[in-house]
Amino acid sequence: MTNQYQTEHYQELDALHHLHPFTSHKSLRSGGARVIVRGDGAYIWDSEGNCILDGMAGLWTANLGHSRKELAEAAYEQMLELPFYNTFFRTTHPPVVALSRKLAEIAPDNLNQVFYGSSGSESNDTAIRLIRHYWTLKGEPKRRIIISRKNAYHGSTIAAASMSGMAHMHAHSYPLYEGFRHIMDPYWYGEAKDGETPEEFGLRAARALEDEILAVGPENVAAFAGEPVQGAGGVKIPPVTYWPEIQRIVDKYGILLLADEVITGFGRLGTWFASEYYGIRPKLITFAKAVTSGYLPLSGVMVDDDIVDVLMAHDEDFNHGYTFSGHPVACAVALKNLEIIERERLVPRVREFGAPALAKMLAKFKDHPLVGEVRSVGLLGAIELVADKGSRRRFADPGRVGLICRDHFFREGFIMRAVFDTMVMSPPLIWEQKQFDEAEAVIRRALGLTLSDVAGEVAA
Ligand SMILES: Cc1ncc(COP(=O)(O)O)c(C=O)c1O
């Protein structure tokens with residue numbers, strides 16, 4: 001186990017040499033990064049020896065939990081056999097073939113081909129290029145506009161960030177990539193009008209897509225892109241009316257549906273893909289993260305048969321690809337990961353045990369004075385922190401109270417992420433009742449401490 005001296009040593013070197021994602025380096029340097037040194041199952045350990053319950057599965061990623069020996073062995077064996085070879089220039093290798101076959105088996109029936117990358121951002125960039133290439137080959141090159149949603153997160157490369165609907169990302173001083181439009185997100189708690197039911201709101205939010213299609217001209221629209229459940233935007237769970245109405249609209253105008261399943265893929269909602277859960281029929285699914293439970297970087301786009309037929313009807317290159325597209329070691333680890341998920345019946349287990357256990361645990365906080373709403377679907381959950389439960393009034397300076405609460409969680413030995421003042425969680429699929437009980441106890445203590453910190457601002 002590392003000691004205090006090493007913590008400071010790591011923090012000092014980290015501050016000197018490491019630029020972190022989505023981080024204010026000024027405040028990071030004054031506080032020092034936390035140093036995580038080990039993971040095992042549902043827990044991680046920091047350099048001070050503290051054991052922490054990982055309520056975020058790394059970053060919506062480690063569906064199998066941490067440090068599974070079988071995944072390490074799969075990587076080791078593949079590294080000895082063929083550590084790397086590319087998939088350009090008419091080459092392939094057994095792990096990428098086997099994984100592609102497996103993904104075609106578990107994905108919706110119309111999705112039988114995979115294009116690989118190493119991150120969710122890359123997979124969305126690939127999807128954007130594929131969508132536009134497809135329409136050009138079909139003889140409709142004007143169809144370039146991709147409609148997505150405010151607060152969507154599709155990645156940090158320029159195209160994926162442009163498709164994302166995060167105002168704070170768009171505010172950076174680079175020009176957005178052309179051809180994206182953003183409609184409202186299906187966030188009933190935050191956006192509904194007085195008296196509007198979730199079902200009514202879901203229809204209104206979906207019909208914003210039809211309004212946008214008509215505003216820009218249906219002949220110019222290539223696709224609609226959405227996360228089945230917005231994750232980084234704050235675990236925004238769409239009302240039941242939302243996705244069926246979206247499907248009706250994309251069918252009516254003949255535009256492609258891209259489901260970004262980077263968070264929701266591989267069992268998180270109790271189905272292999274959330275598209276199955278919501279009954280939608282995407283023409284493309286992007287995935288990443290949990291395909292390897294995060295043990296190695298791997299991502300991809302699953303592509304509809306009709307799109308592939310159009311690509312195959314033209315004898316020309318699709319000029320796009322990454323050195324690590326279909327990396328053999330990452331593919332071998334993904335295959336083993338999917339094999340274990342199947343062997344341990346983790347996908348049905350989410351439906352039968354995990355989802356109800358999470359919903360039951362969160363429901364215990366719905367009457368807490370700080371909590372405006374709790375919600376969950378599968379193993380995605382959220383707690384809204386508000387200044388006034390009755391009127392849903394938020395705290396001044398959005399994000400301040402969320403960070404106070406997040407820091408209490410962390411000091412109490414639990415990781416939950418703050419999206420402004422919405423606390424979100426995405427535990428590994430392997431949690432037992434013991435972990436749900438531990439989470440409940442920590443959340444109770446941390447909400448109590450947060451309430452004491454901001455008591456003067458909370459409506460009586
Ligand atoms: C829905 C969604 N899409 C895409 C991405 C980008 O993935 P990556 O960070 O691997 O580029 C993320 C990352 O969290 C995500 O949540």
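Order of appearance sets the numbers: ligands from 1, and atoms from 1 within every ligand. Remember, it's a predicted structure, so these values are computed and weren't measured experimentally. These numbers come from the heavy atoms of this one structure, side chains and all, not from hydrogens, waters or symmetry mates.
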Identify the protein heavy atom lying closest to atom 2 (C) of ligand 1, giving its residue, its atom name and the separation to 0.1 Å.
Tyr153 O, 3.2 Å
Just how far is it from atom CD of Glu438 to atom CE of Met361, taken to the nearest 0.5 Å?
11.0 Å
For Phe273, does its backbone N or O pair with a side-chain atom of Thr271 as donor and acceptor, under 3.5 Å?
yes
When distances are taken from atom 10 (O) of ligand 1, the protein heavy atom at minimum range is Gly120 N, 2.8 Å
With a 4.0 Å cut-off on heavy atoms, is Lys289 in contact with ligand 1?
yes
Just heavy atoms, cut-off under 4.0 Å: does Ser119 contact ligand 1 by side chain, backbone, both, or neither?
both
Taking only heavy atoms of Asp260 into account, list the atoms of ligand 1 that are under 4.0 Å away from them.
1 (C), 2 (C), 3 (N), 4 (C)
Atom indices of ligand 1, in the order listed, that fall short of 4.0 Å to a heavy atom of Ile263
16 (O)
Close-contact set for ligand 1 against Asn124 heavy atoms, below 4.0 Å:
3 (N), 4 (C)
Do NZ/NE/NH1/NH2 and the carboxylate oxygens of Lys252 and Glu210 come within less than 4.0 Å?
yes
Lys NZ or Arg CZ of Arg68 over Tyr295 ring: under 6.0 Å, within 45°
no
Relative to ligand 1, is Thr286 under 4.0 angstrom through side chain, backbone, both or neither, heavy atoms considered?
neither
Answer yes or no: is there an ion pair linking Glu70 with Arg343, defined by an N-O contact shorter than 4.0 Å?
yes
Check: Tyr187 main-chain N/O paired with Asp185 side-chain donor or acceptor under 3.5 Å:
no
Nearest-option assignment for atom 5 (C) of ligand 1, heavy atoms, candidates Thr264, Asp125, Val262, Val229:
Val262
Ala288 and ligand 1 - part of the residue with a heavy-atom distance under 4.0 Å:
neither
Glu227 heavy atoms, cut-off 4.0 Å: which ligand 1 atoms fall inside?
1 (C)
Per-atom filter on ligand 1: closer than 4.0 angstrom to a heavy atom of Ser121 are 6 (C), 7 (O), 8 (P), 11 (O)
For this output row, return yes or no: ring centroids of His327 and Tyr116 closer than 6.0 angstrom.
no
Lys NZ or Arg CZ of Arg351 over Trp272 ring: under 6.0 Å, within 45°
no
